[in-house]
Amino acid sequence: MDTYSLVVARLREAVAAAVNKAVEKGELPQAELPDFIIETPADNKNGDFATNAAMAGAKCFRMPPFKIAKAITDNLDLSGTFCDRFETAGPGFINFFLGADFYAEVIKDILSDREGYGSSDFGKGEKVNVEFVSANPTGPMHMGNARGGALGDCLAAVLSKAGYNAYREFYVNDAGNQIEKFANSLEARYLQIYKGDEIVFPEDGYQGADITELAQEFADINGDSYVEKDSAERKKALVDYALPKNIKKMQEDMATYKITYDKWFFESELHKSGKVREIVDLLTEKGLTYEQDGAVWYKNKQVVTEKLLKEGKSQQYIDNLELKDDVLIRKNGNPTYFAVDIAYHKNKFDRGFTTLIDIWGADHHGHVMRMKGAMDAIGCSGDDLTIVLMQLVKLVRGGEIVKMSKRTGKAIQLSDLLEEVPVDSARFLFNTREANTQMDFDLDLAVAQDNQNPVYYVQYAHARICSIFKALAADGITPRKCTDSELKLLTAPEEKELISLLSLYTSEVISAAKAYDPTRVTRYVTSVATLFHKFYNACRVKGGDEGLMQARMALCDCTRAVIKNVLTMFNINCPDSM
């Protein structure tokens, strides 16, 4: 257990013991204290830790909180808690103040395992599937994929750090209606090369220049040999040529983005295995389908309504949702995307994952409730499926929104972004705002090599620490292990503030994992860099008392270790010099 968590645990034990002692002495009535919290106050003037135990016990003890707080503090023993004093405040808060032992212990804790610091077994090895990006392979990847890629990859990293067995997955829609549309679009562009405007392009076809380019490449290889062939044969040949190229490009873009997936799952696998049909049959056996107008429908309205009623939602709330049933099998016998999606999520549960996390664009918000309901309907748990909805990204340059690539004159793609912006900047900046907030991605900021660029700012803090050690080494000064008494010399406000923040790393990782929000850790490491610069400007490392110098070197080393730990976890470079 890290030092911060140890303090929380020991303070909880000390408060509970004080309550029991007060009850035994008759200072509090016989009752069981409800759950209470030990927290870090927003303002450290109110202590390093605080508890609401007195307020939590007001009802069961039938006493004013301030009297309960007095009974607790009269019997409170802080031995072993790393706190050396307390005080009561307001209606009954008890505030605790850390002693010098705490700050020394944090330094020792970090230096004992630099690379492992921040890791925990919180997740108990639970198998978690994180599916993200999953871009349609019929065209290039876009800005939403850039944001989703950074968020998904870093979320998986945070989960792993927090003790989960996190698995990265990319779902490739290589079958179904979008592939048929892809084939029709390619066919039309191919035939137009030889027959011109007499070939009408499909109204719902893919209009992108990439379709024209792929058709031309196919024609360059095969000439007009497919012009007179059967349409089905022609479309198959076009898709067989173009789809692998698109998928390979997606894989290359993800590799450039420093994302490695554990599995690229192909939708076609579900169709070949018969799992989509099995899902429809399963829902039919449960009485949750019906036929209408030649199609097979799923009773989504019934399933979701029953689920919401069990959760205590009112009928008026449910009516306002305007729930509708969904088609599973179209009139032509082809399954819908929804049917395939149910089969895919069941497949993930069948592979042993106990928690599924999907990162979707916010435009899919209407799909969340019905997918969670469908999981319940097929015997899985909708509660074990979490959807992280991601808002839109706007690219900004010079304060103006950018929609087109200067290089290509087309909509900016992921590959365009990664050619212009360093990958480290993209991964870091996309992780500075929660997924559920809209984001302006500042292209000027992303390429700036100054402290306004958050990733540069954090990397510079690491490089600055490395330069401190290089300068000390040039003067013949090398770090050594400090004694506890030397570490207790770190008493300046800037030193204590920095050490306190370093002590929070493990809990920040756990909180980020629980909230499925890796941006918490990005903001955390930025704060570490800020407090380091504040410490460095206020406290001279070299010179003066040798013991204090060594202690400050140890603090620098700890800060360097935490920064490197975070950047390495997020697959961002951590330079020794800049």
Side-chain angles (χ1 to χ4, degrees), residues 34-35 37 56 59 128-132 134 144 147-148 151-152 155 171 279-280 282-293 295-330 335-346 348-349 353-393 433-439 511-520:
D35 191 29
I37 60 174
K59 186 175 181 180
V128 178
N129 183 296
V130 185
E131 183 217 327
F132 57 101
S134 295
R147 189 180 191 185
L151 287 169
L155 172 55
Y171 179 61
I279 280 295
V280 178
L282 175 60
L283 290 170
T284 300
E285 289 170 12
K286 291 176 175 286
L288 296 175
T289 67
Y290 60 92
E291 292 189 22
Q292 182 177 302
D293 299 328
V296 178
W297 293 72
Y298 162 64
K299 298 179 181 179
N300 174 66
K301 183 175 181 179
Q302 174 187 320
V303 171
V304 174
T305 296
E306 291 175 355
K307 180 179 178 68
L308 293 175
L309 288 173
K310 287 181 181 178
E311 293 175 356
K313 296 292 191 296
S314 68
Q315 189 61 53
Q316 182 177 357
Y317 170 86
I318 296 170
D319 291 342
N320 290 338
L321 295 175
E322 298 182 349
L323 299 170
K324 298 178 181 179
D325 290 345
D326 291 291
V327 175
L328 294 176
I329 303 293
R330 300 184 182 90
T336 61
Y337 181 85
F338 183 50
V340 178
D341 216 16
I342 298 173
Y344 172 50
H345 283 80
K346 183 177 187 301
K348 289 195 273 192
F349 280 122
F353 296 105
T354 52
T355 295
L356 310 184
I357 303 170
D358 293 353
I359 296 180
W360 293 352
D363 56 332
H364 289 78
H365 71 277
H367 189 50
V368 175
M369 193 175 295
R370 63 178 183 161
M371 180 54 61
K372 290 171 77 72
M375 292 300 98
D376 290 332
I378 62 174
C380 301
S381 173
D383 292 337
D384 293 331
L385 168 63
T386 295
I387 311 297
V388 176
L389 291 175
M390 181 183 61
Q391 293 289 344
L392 295 175
V393 177
R433 298 289 301 275
E434 295 93 335
N436 61 3
T437 60
Q438 287 198 349
M439 181 179 189
S511 295
K514 288 165 68 175
Y516 303 137
D517 180 18
T519 67
R520 291 183 63 121

Mind checking what makes side chain to side chain contact (heavy atoms under 4.5 Å, CB included) contact with Leu309, not counting sequence neighbours?
-> Thr305, Gln315, Ile318

Residues at least two apart in sequence or cross-chain that pass side chain to side chain contact (heavy atoms under 4.5 Å, CB included) with Asp384, listed by chain then number, are Phe349, Ser381

Return the minimal non-hydrogen interatomic distance between His364 and Leu389, and the atom names on each side.
-> C-CD2, 4.4 Å

Test item: Glu131 and Lys348 side chains (from C-beta on) under 4.5 Å apart, heavy atoms | yes

Residues Arg147 and Glu434: closest non-hydrogen pair is NH2-O, 2.8 Å

What one should report as the nearest heavy-atom pair of Val280 and Thr289 is O-CG2, 4.3 Å

Heavy-atom check, side chain of Leu151 versus side chain of Thr519, under 4.5 Å | yes

For Thr354, the side chain to side chain contact (heavy atoms under 4.5 Å, CB included) test, sequence neighbours excluded, returns Glu126

Could you tell me whether the side chain of Phe132 reaches within less than 4.5 Å of the side chain of Val388, counting heavy atoms only?
-> no

Under 3.5 Å, which donor-acceptor pairs link side chains of residues 336-345 to any protein atom two or more places apart or in another chain?
{"unit_1": "Thr336", "atom_1": "OG1", "unit_2": "Val327", "atom_2": "O", "d": "2.8"}
{"unit_1": "Thr336", "atom_1": "OG1", "unit_2": "Leu328", "atom_2": "O", "d": "3.4"}
{"unit_1": "Thr336", "atom_1": "OG1", "unit_2": "Ala339", "atom_2": "N", "d": "3.3"}
{"unit_1": "Asp341", "atom_1": "OD2", "unit_2": "His367", "atom_2": "NE2", "d": "3.0"}
{"unit_1": "Tyr344", "atom_1": "OH", "unit_2": "Glu169", "atom_2": "OE2", "d": "2.7"}
{"unit_1": "His345", "atom_1": "ND1", "unit_2": "Asp341", "atom_2": "O", "d": "2.8"}
{"unit_1": "His345", "atom_1": "NE2", "unit_2": "Asp358", "atom_2": "OD2", "d": "2.5"}

Arg520 CZ to Lys514 NZ distance, which is reported to the nearest 0.5 Å | 9.0 Å

Heavy-atom closest pair (Pro518 atom, Ala512 atom, distance to 0.1 Å) is CA-CB, 4.5 Å

When rounded to the nearest 0.5 angstrom, what is the spacing between CG in Leu288 and CG in Leu282?
-> 8.5 Å

Tyr516 vs Val128 side-chain heavy atoms within contact, under 4.5 Å = no

Nearest atoms (heavy-atom pairs only) where Ala377 meets Leu283 = CB-CD2, 4.0 Å

Atom pair OG1/CD1 of Thr284 and Ile279 - distance to nearest 0.5 Å = 10.5 Å

Enter the distance from Glu291:CD to Ile329:CD1 here, rounded to the nearest 0.5 Å.
-> 10.5 Å

I'd like a table of donor-acceptor pairs (distance under 3.5 Å, sequence neighbours excluded) in which one partner is a side-chain atom from residues 297-304, with atom names and distances.
{"unit_1": "Trp297", "atom_1": "NE1", "unit_2": "Gln292", "atom_2": "O", "d": "3.3"}
{"unit_1": "Lys299", "atom_1": "NZ", "unit_2": "Gly287", "atom_2": "O", "d": "3.0"}
{"unit_1": "Asn300", "atom_1": "ND2", "unit_2": "Lys324", "atom_2": "O", "d": "2.8"}

Any side-chain heavy-atom pair of Leu321 and Leu308 under 4.5 Å = yes

So which pairs with a foot in residues 308-322 pass salt bridge (charged side-chain N to carboxylate O under 4.0 Å, His left out), sequence neighbours left out?
-> Lys307-Glu311

Looking only at heavy atoms, which two atoms of Lys346 and Cys380 are closest? And how far apart?
-> CG-SG, 4.4 Å

